[in-house]
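Each remark here refers to the structure printed beneath this line.
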2 protein chains.
Amino acid sequence: MAGPSVHPIEAPPMTATENANANAMPRHSLKDTQGMPGTLGGFILRSLQFAFALISLSVMASTSDFPTVTAFRYLVAAVSLQCLWSLSLAIADVYAILVKRGFRNSRVSSLFSIGDGITSTLTFSAACASAGITVLIGNDLNDCSQNHCSRFETATAMAFMSWFAASPSFILNFWTLASK
Amino acid sequence: MAGPSVHPIEAPPMTATENANANAMPRHSLKDTQGMPGTLGGFILRSLQFAFALISLSVMASTSDFPTVTAFRYLVAAVSLQCLWSLSLAIADVYAILVKRGFRNSRVSSLFSIGDGITSTLTFSAACASAGITVLIGNDLNDCSQNHCSRFETATAMAFMSWFAASPSFILNFWTLASK
């Protein structure tokens with residue numbers, strides 16, 4: 001009877017469904033792989049996503065003429081969303097690390113997976129659209145003297161980096177969801 | 001002993017690994033879900049991908065000034081690759097339907113999944129870059145009188161449609177791979 005009082009944050013007893021799942025696929029435990037939600041790797045990935053998206057947002061917003069191009073406005077919106085999403089999940093990861101619990105709930109896992117899929121697709125599409133326009137201005141029109149080419153390029157590159165950091169999170173979440 | 005002569009295309013006896021896999025996850029059989037490689041749904045998806053990519057390629061290549069814009073050249077390259085990939089897998093699907101066999105091999109499945117991932121990402125990025133430039137020309141610069149705006153828009157829209165048809169194939173392949 002001493003167990004529960006010594007470890008007050010003991011995991012609740014598993015339900016029948018969770019128990020069956022855990023027995024069926026013991027290899028794909030959520031705690032095994034770094035980068036999953038609730039692990040240190042997952043927190044590092046979220047932090048990278050947030051940092052790159054924030055740099056991209058700041059650099060793009062610092063140019064005076066970004067609202068004249070639709071793709072740049074879209075990039076600002078997409079990386080803002082990525083910032084908010086990554087920050088929320090980084091906080092959730094910190095909480096999970098502090099209480100030493102993974103996210104074992106299947107609904108939470110599918111919510112994270114769908115959210116990751118939407119935000120990373122938006123970030124990637126915005127980065128591609130901006131890259132198309134940046135290359136058009138810089139290489140095809142040779143018009144960098146009138147435009148903030150280097151800032152546009154930096155913002156685009158940071159949005160791509162944010163997407164690179166978001167992809168592992170999405171793939172790991174989706175893999176976990178599928179292997180249940 | 002009459003069995004093999006009556007059905008000459010009988011499936012070979014399963015190896016130990018395949019047998020273990022089939023026993024472990026009986027719910028996720030490849031034959032269950034339409035849209036998998038080797039099913040009629042999969043063939044329809046491949047045909048749609050091929051048709052949309054081919055229309056996009058033809059419309060973009062019919063404009064005289066697409067080589068002046070890097071993003072449009074990239075679109076032509078990406079949808080050409082999508083055409084070739086989708087056509088190859090459509091032929092493989094037809095073969096699989098004719099001999100009434102699914103692709104049960106794990107290596108083939110992972111090859112299809114990786115190839116789908118690469119081609120659909122390329123098509124999507126090219127479509128996004130073209131969309132950025134098309135919107136720039138049409139909405140931001142209002143310069144449609146000098147450019148083939150409608151053809152650029154059609155090619156971009158068809159590339160997006162090709163990506164929409166490619167996504168289910170990729171997700172189903174990846175899901176199959178993960179659930180093994």
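Only this structure's heavy atoms are used, side chains among them; waters, hydrogens and symmetry mates stay out. Letters A, B, ... mirror the listed sequences (proteins, then strands); counts begin at 1.
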Chain A contact residues among residues 119-132 of chain B, heavy-atom distance under 4.5 Å: B:Thr121, B:Phe124, B:Ser125, B:Cys128, B:Ala129, B:Gly132
Part of B:Ile171 within contact of chain A (heavy atom distance under 4.5 Å): both
A:Thr70 side chain near B:Leu136 side chain, heavy-atom distance below 4.5 Å: no
Single-linkage hydrophobic cluster, 4.5 Å side-chain cutoff, A:Leu75 and A:Phe52 together: no
Single-linkage hydrophobic cluster A:Val135~A:Phe152, side-chain heavy atoms < 4.5 angstrom: no
ILVMFWY cluster, A:Val76 and A:Val69 together (side-chain gap under 4.5 Å): yes
Single-linkage hydrophobic cluster, 4.5 Å side-chain cutoff, B:Leu57 and B:Phe66 together: yes
Side chains of A:Asp140 and B:Thr68 in contact at under 4.5 Å (non-hydrogen atoms): no
Single-linkage hydrophobic cluster B:Phe174~B:Ile114, side-chain heavy atoms < 4.5 angstrom: no
